[in-house]
Amino acid sequence: MALPPIDLAVFHDNGFVRKQCRVTDLWFWTTDAERTTCGDTSEDEYTFIGAPLIDGFEQRGKALKDTMRQAFLGYFEAHGHTKIDPYPVLARWRDDLHLTIASIADFQPHVTSGEVLPPANPLAVSQPCIRLTDVDAVGRSGRHLTTFEMMAHHVFNRPDEGIEIYWMESCVEHCHRMLTETFGIPSSEITYVENPWCGGGNAGAAVEVIVGGLELATLVFMDMEEHPDGDVELKGDRYRTMPLQIIDTGYGLERFCWAAAGTPTIYEAIYPESVAWLKKLSGFQEKATRWPDLDLDRLLGEMSRLNGIMNIEAGVDGDKLVSIFLERLKERGVEVTSEQFRGITEPLANIYAIPDHLHALCNMLGDGLVPSNAKAGYLARMLARRVLRMRDDLSLSVSLSDLAEHHLDVNMGGHLNKQHRAGLLEILALEEERYAEMLRKGVHVIQTQLKGLASDAEAIPDEDLFTLNDSHGLAPDMAVALARTSGWANVSLRTGFSAEMAERHALLAKAAAKNIAATSTKVDLDVVQPTRLTYYDNVYERTLQAEVLACVEAGDEGPHGASWVVVLDQTLFYPEGGGQEGDQGQIINESTTVSVLDTMKQGSLVLHFTDAPVEVGVEVTCVLDWRRRKQLMDHHTAVHIVGGAARKLLGPHIFQAGSHLSVESGRLDITHFHRLTRQDLDAMEDLANEVLATVASTEKSELNRKDADLVHGFDLYQGGAPKGDSIRILKIADHDTQACGGTHHDEPGQIGSIRVIRSTAVQDGVERLHIVAGEAALGYARTQDELVRASAEVFGVHQDDLPKAASRFFSEWKEQRKTIEHLESEIVRLRTSGGGDASSLVDGVRMVVMAIEGDLKSMTTMLKELTLDADQPTVAVLGSADGGGKLMIGITEGTVASERHNAVELLRAISHHIKGGGGGRPTFAQGGGSDASGLQEALNAARALLGL
RNA sequence: GGGCGUGUAGAUCAGUUGGAAGAUCGCUACCUUGGCAUGGUAGAGGCCCCGAGUUCAAAUCUCGGCACGUCCA
């Protein structure tokens, strides 16, 4: 069964009739009985360009957005909705998304699953969103944006619990009244298109709201979930009704602004100052006047109308697009050449895209993001680099920081959520440096990569272009541009190559995704009663009476060789989670004692992995391995304290990217845009220990999610997004506040001391701090002492003199190595030059055959000494007993000696005496063997062959 | 999270099939001039990132580690 028609009173009351679109086949509602298209097809042009459909909004840019947003939220506040503050653009409360891509993302997954109550119901919000899927189309299509605000009203109905706020009828009525009353849009300009929505396992009826050819909003009625027995079928999947029924709407703030401004593109409506500024900086008008006959305004006007019906998506072939455009423009009486078209649209696309990208970038960094080469940070870097490339294409003489500063002041009122202005500008300056460095290296990379390519080649091989892009960050068009100035003047980029490369990347990504297999194991248990967790009541408790609810074999999966799994009614063992390792200890009853080797969580149960079974139903005593637990707590609380110290010292962008707590050490990953120095670590260490000394006690509390977000904001979720409605919060004075389910000290002072040992790089933009605390700190200090002592003993110096002694020994070693080399060659010179027994003359060629002491290195030095002088043609055969026997033969190049003798042949003829082989060039050969006792025979054989 | 690439002189980088560690700039000394720019000659400067392995032989091949770069999700 498909979905039934959406037949609402609001449509009939306002004179709408239901029709089927002849282009898309979708059903739609319109007041115009003659209308045959739904409004959003390749035949529907934008009708609002130059003729705004929303009246009374004379502002532009930020002021227009602010007024528009206020008008929207004002309507819904006046009609019983609660306005809520927008969430950050970094979706830190979610582990499946980097960026907030829609207003509904704020409430996923916990509110939409029914686990957590919404902050208000019904509610209205204007949520800044970032979507990078269409990043290539931004600036070129006239309407695409990477960053936009999704205005929305949301309703969360639960009919089974009697919660029914409103559904389709009221929703569409609100929408229609707002459009016509608040914004004064004539009904005749509006079409409502029925187009069911599905995604992410959910589905529902949906209505698209089209005004003047532009989709202004989508109203989704999400009341179904995917299920094999469902009675509704959509796009091949079956769905059934679910208990929670959600209204998810999305109104594009920027599109409302555009419809009110009627500008040729959306960018002129929302970033007018930036567009004007960039046009001026780039000399756009002067360039355009190169063609005095060209009616620029007419061209741009026609183009923007065309943009409405041409679907410019990522990967569209550029040349093909241009030719289609030219043809369509011609039909409309606008004659332009391909050169003129490119000359106008290419710089314009950059001018439009730059403010959009900057807006996304400033929002992301403003939320505390640090650029990186992985994850969300990479998205910021990609945007920064796109802006830099566009800036270079436009030949703008401003820095990335200048651009951002302008944008920040003009389009954002100077407001950033978390990051300071100075921090943002510093990060961008660093990004620009990195970009410049990449380009500088690019020239060299091109030259080595293309070494084998003929200088008159017309194309760079695909493989080389892939490598240049993937490994060296040189996009194909940049690679070609660099190659043209580096000696390959005729190369050009094959049409459609970029699309091909994108396809190839998609294939690789798909293949990689296949390899990820879920490996979570599950123990089968029929216990339903959740384990009561007593370690939250008192973290210092060491023994506990409990009842055994279940005991089963662990199978192969048991950690640390554990063979049984025990479940109790309550436990003081902390199960592995939040980076903290599971507790160990013992479970004791009257007759037996079993060891708990590890503890894990499965759903609401705590699994104790033991080395032996215990009887079910009996009362047992749990005994905690306190020393281990204390150490884990030391490290865990210390990690929070060091994290707080890092934030205080380095800035608001410091966010925990991960942590792991073991008995040996604690590990904390933090986001930062620089490598940390020892001075940084020392400062953190000092501050952390100061906290131990000055903060008397930690505050532990439990809040529901709604209140926690409200009171503490999203910095709470440093350790990742917690599950469930109830959140445990650890607050260490005003130093650090985090949601954390781990075990923590009540008094920081009990840790004793904290040491930040070192930092390593996890990825660009993420530093890993290695921390020891409490007893582990003491143990670490002892180990270090021992290392110093042992090293000092080797040198026979006092520990304080160790660095000095080491550097003296090292430099002396280097000097002596040099001296030895000189002396060795001197010895050879003395033994051979004075007519000694090792040397003899045969027909003007000096013959040197001798056994020496030394390794390959010193032999080559001697051989060099013997054979480099062209005035003294020499054949030298050296032998050494070193490592199973070595033979080396050198012949002075370009002399009678090298004409008469061949080093390789000579070597092959004698090397069998030491059971070895070898090779080399005709004037230099070396080899070795496994039997040094044949060395003299080998040298004798050489003498015989040389006629001595 | 996955893929790819790079670590060689103070700097920028070459180094072919495993077989004698190189270039350019910079540095030092000397020569050319009244002085400078420059030109000429000579010289110093290398744990070829670290650790294992293969081999008679590793900067080069294999594995592991560290550091850096880059693309994609």
Side-chain angles (χ1 to χ4, degrees), chain A residues 95-99 132-133 372-376 378-379 381-382 385 434-435 437-445 447-449 451-452 463-476 501-516 657-658 675 758-764 768 810-811 813-815 817-818 821 825 855-868 876 878-880 882-893 903-904 907-908 911-932 938:
Chain A
D95 45 21
D96 55 339
L97 277 183
H98 291 131
L99 299 169
L132 297 175
T133 42
S372 164
N373 55 7
K375 299 188 178 173
Y378 175 70
L379 302 175
R381 176 161 295 163
M382 182 191 79
R385 293 195 167 176
R434 279 174 166 277
Y435 176 78
E437 180 68 10
M438 191 183 82
L439 283 188
R440 196 188 59 75
K441 287 202 165 142
V443 179
H444 218 96
V445 168
Q447 278 168 358
T448 37
Q449 185 80 27
K451 205 161 26 179
E463 278 310 312
D464 287 327
L465 283 174
F466 287 135
T467 308
L468 288 169
N469 182 79
D470 290 1
S471 302
H472 301 103
L474 297 169
M501 193 170 72
E503 204 169 300
R504 180 180 148 128
H505 282 146
L507 276 176
L508 288 173
K510 217 178 206 173
K514 267 186 190 163
N515 291 334
I516 301 166
R675 289 307 310 266
R758 65 197 174 103
S759 69
T760 51
V762 177
Q763 63 187 229
D764 196 31
R768 173 163 295 170
F810 187 67
S811 56
W813 167 74
K814 282 204 309 198
E815 274 168 35
R817 204 182 45 172
K818 282 243 169 278
E821 273 174 33
S825 50
D855 57 7
L856 275 175
K857 182 101 183 160
S858 52
M859 286 170 82
T860 55
T861 313
M862 295 184 206
L863 213 54
K864 206 188 284 185
E865 188 70 34
L866 283 164
T867 59
L868 273 185
L878 300 183
S880 163
D882 181 57
K886 302 269 185 271
L887 288 168
M888 200 174 287
I889 301 172
I891 299 173
T892 313
E893 269 179 61
V904 178
L907 180 74
R908 293 231 168 100
S911 62
H912 64 270
H913 289 290
I914 55 167
K915 292 181 182 160
R921 297 174 300 137
T923 56
F924 183 87
Q926 54 180 290
S930 53
D931 182 13

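Lettering follows sequence order; numbering is per chain, from 1.
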Q) With a non-hydrogen cut-off below 4.0 angstrom, is A:Asn373 in contact with a base, only sugar-phosphate, or nothing? A) base
Q.
Over all strands shown, is A:Phe810 touching base, sugar-phosphate only, or nothing at heavy-atom distances under 4.0 angstrom?
A. base
Q.
One thing to verify: whether A:Lys818 and A:Glu815 come together as a salt bridge, which I'm taking to mean a side-chain N less than 4.0 angstrom from a carboxylate O.
A. no
Q) Quick one: do A:Arg504 and A:Asp470 make a salt bridge, cutoff under 4.0 Å? A) no
Would you please confirm or rule out a distance under 4.0 Å between OP1 or OP2 of [N] and any side-chain N or O of [X]?
X	N	value
A:Arg504	B:C71	no
A:Arg675	B:C68	yes
A:Lys814	B:C47	yes
A:Arg440	B:U12	no
A:Arg817	B:G46	no

Q. Which nucleotide in the set B:U70, B:A73, B:G5 lies at the smallest distance from any side-chain heavy atom of A:Met438?
A. B:U70
**Q.** From B:G3, B:C47, B:G1, nucleotide with atom closest to A:Asp470 side chain
**A.** B:G3
Q: Give the rounded distance in Å between these two atoms: CG of A:Leu465 and P of B:C71.
A: 15 Å
Q. What is the distance from atom NZ of A:Lys886 to atom CD of A:Gln926, rounded to the nearest 0.5 Å?
A. 9.5 Å
Q.
Please report the interatomic distance CG(A:Asn373) to CG(A:Asp764), rounded to the nearest 0.5 Å.
A. 4.5 Å
